S.K.: 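Below is a structure I'd like to ask you about.
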Amino acid sequence: MSNAYKNFIAGQWQDAASGERFDNINPADHSDQIGTFPKSDQREVDAAVTAARQAYKSWRLTPAPVRGDFLKKVGDIMVARKEEIAKLMTREMGKVLKETRGDTQEGIDTAYYAASETRRLFSHTAPSELPNKMNISFRMPVGVAGIITPWNFPMAIPTWKIFPALACGNTVVFKPASDTPATATVLVEILAEAGIPAGVVNLVHGSGSKVGNPIVEHKDVNLISFTGSSSIGKDIQARAGAMLKRVSLELGGKNGVIIMDDADLELALDGVLWGAFGTTGQRCTATSRVILHDKIHDKFVDMLVKRAEKLKVGNGLDESIEMGPCINEGQRGVVEEYVEIGKKQGAKLVCGGKRPEGSQYAKGTFYLPTIFTEVKPMSRLEQEEIFGPVLSVIRVRNFDEAITVLNDTVYGLSSSIYTRNVNQAFKAIRDIECGITYVNGPTIGAEAHMPFGGMKETGNGHREGGWQVYEFYSETKTVYVDFSGKLQKAQIDTEQV
Ligand code: NAP
Ligand code: MG
């Protein structure tokens, strides 16, 4: 079976002891099977953690710039394999090729950034309060990193976590989402091809409960980086917290874009369509709410519906397609449930609200771009993350009301404002309670070298991306070197100086 994918533990491609496998199919065409994957459990997690713990002994002592050289090679191989990876990813999870190329490019950018960062893992020195004494701080790796990722960015998100973890000298046990194990396998293949020593990165396929859970609870896993749903994130935080593990969580969103009456409406239209229906609305940063100024409300809704109705839905491998399927039947079911909730709660369905018709859609989990207007603030449609192609339009009378509506959710990931008024733009930047705010751009489009993450229930305060994530993957050691040749007491001898 050429498509029988394996785990990667201690530098070896291997099956799971259970002997069982799970399928991975194309959500745009269920007759297209990508492959089967081992159903692993505690046994493989134990083996992977043991390998990572062993490899840590020498990886932590490998000079950081040498670790960076490996990551540069990883980036080079990803460049060479970019098109192949993008095609596999589209088959595996459905988003269109343009986007899977972007997802892969984000991994490449992250590799080169991480490689250069290994020459820049700065710390502090500060003057001592005593003479002939030097105060230094520097970074140490944390140990074994447990990395658990979702399916919507199958390359970018694992690289955001694994590359900085490796750059800082940690070793990795990686459990990808069950919907996207093939892209994850290619990433690990590339890490191996770049010559990263055995045991430094280990890949364990399987379910959240049988593999994710044991990683979180393993006593030799020192930190957990998780991206996924808020409910699972909270559970992980609680369990890892009880073991005093370092945990980084990137969770859900209910991202809003404010469109003021002075906005460039054509520009806003392009941004809303891209933000709401890119990746079939299955981005943590997807635009799920448009907060529209009353004065331009009807005109903009008109423009929006006309364009949304024309979006070409289908198999993302076809370059002319603009929106792919929902990731799986369960997720499409969630979308359908929310459409019913929207109708029941009095919102007005103005676009989509059903599956596309035609035999070409029969083998996939497709759903039409869907728009509701007259959505009430605090209604379920307006408050809860749907993770699908469903956009809610909320009517507001002024700027203050727009900010209130935008902030009135438990989430705080991405946000945007379209306006030509510079004062309003800066007030929005100051007052929006989100980790990311765009001005005159859609809610999606993070760049790899900038901090990424959310406030409130979107996370637990950490950031990925950019320089900031390197803090998460390292511990600080403080060193005092006393070259006075005598006992000097801090706080006590200082008065005599
Ligand atoms: P999910 O169901 O929470 O799964 C995420 C990962 O956790 C998967 O690998 C999953 O494994 C694993 N998992 C499930 N149960 C677990 C457990 N008990 N212990 C440990 N791991 C467990 O999320 P998803 O459906 O893949 O992704 C969609 C969600 O991710 C959305 O809520 C979205 O907003 C969020 N997201 C957030 C960001 C961000 O940066 N803020 C980015 C992307 C996505 P299985 O796949 O095997 O179930
Ligand atoms: Mg799949």
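Counting starts at 1 for both ligands and their atoms, in listed order. As the structure is a computational prediction, the values presented were derived from the model and not from experiment.
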S.K.: Please identify which atoms of ligand 1 are closer than 4.0 Å to at least one heavy atom of S178.
M.R.: 45 (P), 46 (O), 47 (O)
S.K.: Evaluate F226 for polar contact with ligand 1, using N/O atom pairs at a separation under 3.5 Å.
M.R.: no
S.K.: To the nearest 0.1 Å, how far is atom 18 (N) of ligand 1 from its closest protein heavy atom, and which atom is that?
M.R.: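 The closest heavy atom on the protein side is R239 NH2, 3.8 Å.
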S.K.: Got an N/O contact under 3.5 Å between K175 and ligand 1?
M.R.: yes
S.K.: Return yes or no for this condition: an N or O of L251 is under 3.5 Å from an N or O of ligand 1.
M.R.: yes
S.K.: Who are the side-chain hydrogen bond (donor to acceptor under 3.5 Å, both in side chains) partners of W160, not counting sequence neighbours?
M.R.: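 Once residues adjacent in sequence are excluded, the partners of W160 under the side-chain hydrogen bond (donor to acceptor under 3.5 Å, both in side chains) criterion are E106.
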S.K.: For the 3.5 Å polar cut-off, considering only N or O atoms, please tell me whether T227 and ligand 1 meet it.
M.R.: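 No - when backbone and side-chain N and O of T227 are compared with those of ligand 1, no distance drops under 3.5 Å.
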S.K.: Can you sort out which atoms of ligand 1 are near S207, meaning under 4.0 Å from one of its heavy atoms?
M.R.: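 Numbered from 1, ligand 1 contributes 47 (O).
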S.K.: Identify, for atom 8 (C) of ligand 1, the protein heavy atom at the shortest distance, and state residue, atom and that distance.
M.R.: T149 O, 3.3 Å
S.K.: Tell me if a side-chain donor or acceptor on K175 pairs with a main-chain N or O of V204 at a distance below 3.5 Å.
M.R.: no
S.K.: Salt bridge check: are K95 and D103 linked by an N-O gap of less than 4.0 Å?
M.R.: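 Looking at D103 together with K95, the answer is yes, because their closest N to O distance falls below 4.0 Å.
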S.K.: Can you report which non-hydrogen protein atom sits closest to atom 2 (O) of ligand 1, along with the distance?
M.R.: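 Going atom by atom, the protein heavy atom closest to atom 2 (O) of ligand 1 ends up being I232 CD1, 3.8 Å.
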S.K.: Of the listed options (F153, F387, F174), which comes nearest to atom 33 (C) of ligand 1 when hydrogens are ignored and any heavy atom counts?
M.R.: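 Checking each option, the heavy atom nearest atom 33 (C) of ligand 1 is found in F387.
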S.K.: Quick one: nearest non-hydrogen protein atom to atom 13 (N) of ligand 1, plus distance?
M.R.: G208 CA, 3.5 Å
S.K.: Parallel, tilted or perpendicular for H449 and Y113, by the 30°/60° rule?
M.R.: tilted
S.K.: Might you point out which heavy atoms bring A194 and I77 nearest each other, and give the distance in Å?
M.R.: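 Minimum heavy-atom contact is N-CD1, 3.9 Å.
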S.K.: Output yes when E99 and R283 qualify as a salt bridge under the 4.0 Å nitrogen-oxygen rule, no when they do not.
M.R.: yes
S.K.: Can an N or O of L413 be found at a distance shorter than 3.5 Å from an N or O of ligand 1?
M.R.: no
S.K.: Could you tell me whether E471 and R139 have a side-chain N and a carboxylate O separated by less than 4.0 Å?
M.R.: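 Salt bridge between E471 and R139, a charged N being under 4.0 Å from a carboxylate O: yes.
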S.K.: Hey, does D235 come in under 3.5 Å of ligand 1, counting only N/O atoms on both sides?
M.R.: no
S.K.: With the threshold set at 4.0 Å, does a side-chain nitrogen-carboxylate oxygen contact exist between K363 and D29?
M.R.: yes
S.K.: Which residue supplies the protein heavy atom nearest to atom 31 (C) of ligand 1, what is that atom called, and how far is it?
M.R.: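 Result: E385 OE1, 3.4 Å.
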S.K.: Looking at E319 and R101, is any side-chain nitrogen of the basic one under 4.0 Å from a carboxylate oxygen of the acidic one?
M.R.: yes
S.K.: When only distance counts, is W151 in polar contact with ligand 1, meaning an N/O pair under 3.5 Å?
M.R.: yes
S.K.: Enumerate the atoms of ligand 1 whose separation from the nearest heavy atom of P150 is less than 4.0 angstrom.
M.R.: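 Close to P150: 26 (O), 27 (O), 43 (C), 44 (C).
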S.K.: Would E189 and R81 pass as an ion pair if we require N to O under 4.0 Å?
M.R.: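 Salt bridge between E189 and R81, a charged N being under 4.0 Å from a carboxylate O: yes.
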